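Every chain is numbered from 1 and lettered A, B, ... according to where its sequence line falls, protein lines coming before strand lines. Model, not experiment: these values are computed from the prediction. Just so you know, these numbers use all the heavy atoms, side chains as well, and skip hydrogens, waters and symmetry mates.
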2 protein chains.
Amino acid sequence: MSGTRHSTQRDAILTLLRSTKTHPTAEWVYFSLKEDFPSLGIATVYRNLKLFEKQGLVQRIDVGDGYDHYDADISQHYHFHCTSCRQVLDLDMPKLEFDSCLPEGHIAEHHQLVFFGKCCKCNEEQCS
Amino acid sequence: MSGTRHSTQRDAILTLLRSTKTHPTAEWVYFSLKEDFPSLGIATVYRNLKLFEKQGLVQRIDVGDGYDHYDADISQHYHFHCTSCRQVLDLDMPKLEFDSCLPEGHIAEHHQLVFFGKCCKCNEEQCS
DNA sequence: CCCATAAATGATAATGATTATCATTTACAA
DNA sequence: TTGTAAATGATAATCATTATCATTTATGGG
């Protein structure tokens, strides 16, 4: 009999992901939960993030900074990656319909749009 | 006196990149040039790809497959990543103007749009 | 043409995020 | 309560990329 069992750690990881808009990395999740779950292993975090992604509970965002970011908001939306402070921010922007632009026979299941630049905070602070 | 010197390997890497539309990885470039440059080292490929990117001669494309892809076509265009055959294809699609959609104070230098799905060939072949 | 010197290379070790392994713990149905 | 298979935690392994360093090479000045 195969199935998924309940696990306290898994619940905690998903709950944490759903409580933030910062699109955390596995490492961030790990250290954030360490306080409440001192015995938590980093492998459990990676394992469950991958599982959530496969189950469609979260989406993985790759902004090319070397880390996988995870977002519990699986609604269609786009992101802004500040190349100065490294944050990944949500954008409030309507979904754009591109499918008619794809070559004949190509079928897109989803698409990802990421803006790179400096956020308002970093622009003010004249970060290099 | 600091500057850039001429190098046969560097020329070959850039020439190869400019001769293809397949958005190759460092590894692909390395093995492709091995025939003509048996002594070529993989580090030289990585080094020069990074250099080209910094110089703005090529753009790096991250589709989340674990590899950095490089594209000598630095014009504004978008990509389609076939999750079946793993290819990265160019899309002929006009540049979309999003800047007015960004939050106050945010300045985007560039953006990246990637579609994920199956290309026409893989759809025909009923790849899983 | 010949050096001096600093850039570039090639071999290889190191890095670092992610994944695999495996013994132990835990959930849960019978 | 108990048998079991899933889940965990510790840790080794993986693998793309980067750093190190001795050697080679390009290039400008004499």
Side-chain angles (χ1 to χ4, degrees), chain A residues 1-17 22-55 57-71 81 83 86 88, chain B residues 1-17 22-55 57-71 81 86-88:
Chain A
M1 212 64 66
S2 72
T4 314
R5 289 180 184 172
H6 176 263
S7 128
T8 310
Q9 291 90 332
R10 184 145 59 216
D11 285 351
I13 294 170
L14 189 55
T15 299
L16 177 61
L17 267 185
T22 61
H23 310 78
T25 63
E27 194 185 36
W28 185 91
V29 171
Y30 174 68
F31 284 111
S32 297
L33 290 176
K34 260 297 186 184
E35 298 169 25
D36 293 329
F37 296 86
S39 72
L40 182 67
I42 187 76
T44 299
V45 176
Y46 277 104
R47 238 186 324 248
N48 282 297
L49 289 175
K50 266 268 181 286
L51 178 67
F52 295 152
E53 186 192 1
K54 193 193 293 183
Q55 293 177 327
L57 294 175
V58 307
Q59 60 175 314
R60 182 169 59 91
I61 301 162
D62 192 332
V63 295
D65 66 348
Y67 299 86
D68 286 343
H69 295 256
Y70 290 89
D71 187 352
H81 180 226
T83 52
R86 299 278 162 195
V88 178
Chain B
M1 210 66 64
S2 72
T4 316
R5 290 181 186 173
H6 176 263
S7 128
T8 310
Q9 291 91 331
R10 184 145 60 216
D11 284 350
I13 294 170
L14 189 54
T15 300
L16 177 62
L17 266 184
T22 62
H23 311 77
T25 62
E27 194 184 37
W28 185 92
V29 170
Y30 174 68
F31 284 111
S32 298
L33 290 176
K34 260 296 184 184
E35 298 170 26
D36 293 327
F37 296 88
S39 72
L40 182 67
I42 186 76
T44 299
V45 175
Y46 277 104
R47 239 187 323 247
N48 282 297
L49 289 175
K50 265 268 180 288
L51 178 67
F52 295 152
E53 186 192 2
K54 193 193 291 184
Q55 293 176 327
L57 294 175
V58 307
Q59 60 174 314
R60 182 169 58 92
I61 301 162
D62 192 331
V63 296
D65 65 350
Y67 298 86
D68 286 344
H69 296 257
Y70 290 89
D71 187 351
H81 180 227
R86 297 279 162 196
Q87 269 196 309
V88 178

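Following rounding to the nearest Å, A/Arg60 (CZ) and C/dT19 (C1') show an atom-to-atom distance of 13 Å. Here the P atom of nucleotide C/dT25 and the CZ atom of A/Arg5 are 16 Å apart, to the nearest Å. Following rounding to the nearest Å, B/Asp65 (CG) and C/dT19 (P) show an atom-to-atom distance of 13 Å. Put simply, NE2 on A/His6 is 7 Å from P on C/dC28, counting in whole angstrom units. We find that CG of A/Leu49 is positioned 15 Å from P of C/dA17, with the value rounded to whole Å.
Residue pairs meeting the salt bridge (Lys or Arg N to Asp or Glu O under 4.0 Å) criterion with at least one member in residues 3-17 of chain B, sequence neighbours excluded, do not occur. Within the structure, the salt bridge (Lys or Arg N to Asp or Glu O under 4.0 Å) test picks out the following pairs touching residues 58-69 of chain B (sequence neighbours left out): B/Glu53-B/Arg60, B/Arg60-B/Asp68.
With sequence neighbours left out, the side chain to side chain contact (heavy atoms under 4.5 Å, CB included) criterion links B/Ala12 to B/Leu33, B/Phe37. For B/Tyr46, the side chain to side chain contact (heavy atoms under 4.5 Å, CB included) partners two or more places apart in sequence, or in a different chain, are B/Ala26, B/Ile42. Residues meeting the side-chain hydrogen bond (donor to acceptor under 3.5 Å, both in side chains) test with B/His81, sequence neighbours left out: none. The side chain to side chain contact (heavy atoms under 4.5 Å, CB included) check on B/Leu57 picks up B/Leu14, B/Arg18, B/Phe52, B/Gln55, with sequence neighbours excluded. Taking the side chain to side chain contact (heavy atoms under 4.5 Å, CB included) definition, one finds that B/Ser32 meets it with B/Leu16, B/Trp28, sequence neighbours left out.
The closest donor-acceptor contact from the side chain of B/His23 to the backbone of B/His69 lies at 3.5 Å or more, if one exists at all.
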N/O to N/O distances under 3.5 Å, protein versus nucleotides 28-30 of chain D:
none

Original post:
In the 5'-to-3' direction, what one-character label does each nucleotide of nucleotides 8-17 of chain D receive under the scheme B = base within less than 4.0 Å of a protein heavy atom, S = sugar-phosphate only, - = no such atom?
Top reply: BBBB----SB
